[in-house]
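One-based numbering, in listed order, for ligands and for the atoms of each.
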Amino acid sequence: MHSYPNALTVVRALAPDQPVILNRPHAAARAARFFSEGFPGKSMYAVKSNPSPDLIQILWDAGITHFDVASIAEVRLVRSLLPQATLCFMHPVKTKSAIAEAYSEHGVRTFSLDTHEELAKIVEATSGAQDLNLLVRLRVSSEHSELSLAAKFGVDLADAAPLLQATRQHCDALGICFHVGSQAMTPFAYVQALERVRAAIAEAAVTVDIVDVGGGFPSSYPGMEPPPLEDYFALIARHFEALPISYSAELWCEPGRALCAEYSSLIVKVEKRRGDELYINDGAYGALFDAAHIAWRFPVVALEDDLLQPLAEFAFYGPTCDDADYMKGPFMLPEDIQAGDYIEIGMLGAYGAAMKTGFNGFGEAVAVTVEDEPMASLYRGDRADPRASDNVVSLR
Ligand SMILES: *Cc1c(COP(=O)(O)O)cnc(C)c1O
């Protein structure tokens, strides 16, 4: 992949008509080292947040050895890239053929479940294997997160005891997992969830070998600057150690966003301006899915030489013919921006590049490597302490 110092040099060299994805391997490696050295347990990468083979290799080289996969295609992908990696199949609803292939052809031993039916499916598809790690997914609150994951998966606390007891009969190691929702804006989301884990263990009276606190670790976006990740790690460690589990029990986590958000940004071109609306060449069906569908705000910067213009608020339209291809922002850009100008949109490594489709004939993009810093970072050690801000707890 061709390498440039930064976005501006890419624009000068290529004057691109298509969006350009800018990858920062050093930022992804730094995030991976932060988790592999700092999280008080095992960190597995949630592949769905960005399944790029280059990124998966970068994370592996920086110490991430475990991968949370959710489909048989993700199992095959990671196994083909990394024969030595440990794969954990953490989707609680799988097909029998996917379980069987994962177990017998790809060495997968760890599966999650949230029903007795799924347990029976796993037992059957692995012919009653004795070497399974089975994790029961507990439903927990998403109230502190920007993106809920509370509705779809997870057994209710009231129904957890019989499922934990039944699962105990069929596994070598029994675990409990949960997901507090993506972009959890306070570590207390994990404290609350671990209290629910404690209640489930007490009610079921089973030996638990693994506690997996899932994903949800935040990155930094406009208006969403979280407390330091060290605070999350410290609170999780303290509340994990206080659980009624054996002293050899393991703590796992499944970060997606936090490991890859800083990896990529995107250069887009302004095709047209109508008042305070800019028509750009990526959008709701491209890497800006979240900007359109859940009004997520991403940092932006105009790629021009004259940096002295005052900023104004803009909304974006994407390139397809669909009214829904609209991103309300607001995105702060120079007030004289016009057709032909270029914009860099930052923090798109997670759920950005991974969401691109070819709808309406758009979706092509070139990818290059850049060497400068991402627009925001949780890992640089030079950020202002956001605990002083009022964004620490989101009330959404
Ligand atoms: C999506 C997902 C993750 C990653 O979540 P982030 O919020 O990106 O950290 C982890 N575990 C499971 C089971 C998921 O579905």
Could you tell me whether the side chains of E250 and W252 share a donor-acceptor contact shorter than 3.5 Å?
-> yes
Mind checking ring pair (Phe, Tyr, Trp, His ring centres under 6.0 Å) for F316 and listing every partner two or more places apart, or none if nothing turns up?
-> F331
Salt bridge (Lys or Arg N to Asp or Glu O under 4.0 Å) partners of E118, counting only residues at least two apart = K94, K121
Test item: side-chain donor near acceptor, R274 and Y279, under 3.5 Å = yes
Does ligand 1 have any N/O atom under 3.5 Å from a protein N/O, and what are those pairs and their distances?
residue  : atom   : partner : partner atom : Å
ligand 1 : 5 (O)  : H179    : NE2          : 2.9
ligand 1 : 7 (O)  : S182    : OG           : 2.5
ligand 1 : 7 (O)  : G216    : N            : 3.1
ligand 1 : 8 (O)  : R257    : N            : 2.8
ligand 1 : 8 (O)  : Y351    : OH           : 2.6
ligand 1 : 9 (O)  : G216    : N            : 2.9
ligand 1 : 9 (O)  : G256    : N            : 2.9
ligand 1 : 11 (N) : D68     : OD2          : 3.0
ligand 1 : 11 (N) : E254    : OE1          : 2.5
ligand 1 : 15 (O) : K48     : NZ           : 2.7

If you count the non-hydrogen atoms of other residues, nucleotides and ligands that lie under 6.0 Å from CD in Q57, is the total more than 12?
-> yes
F34: partners by ring pair (Phe, Tyr, Trp, His ring centres under 6.0 Å), with sequence neighbours left out | F233, Y379
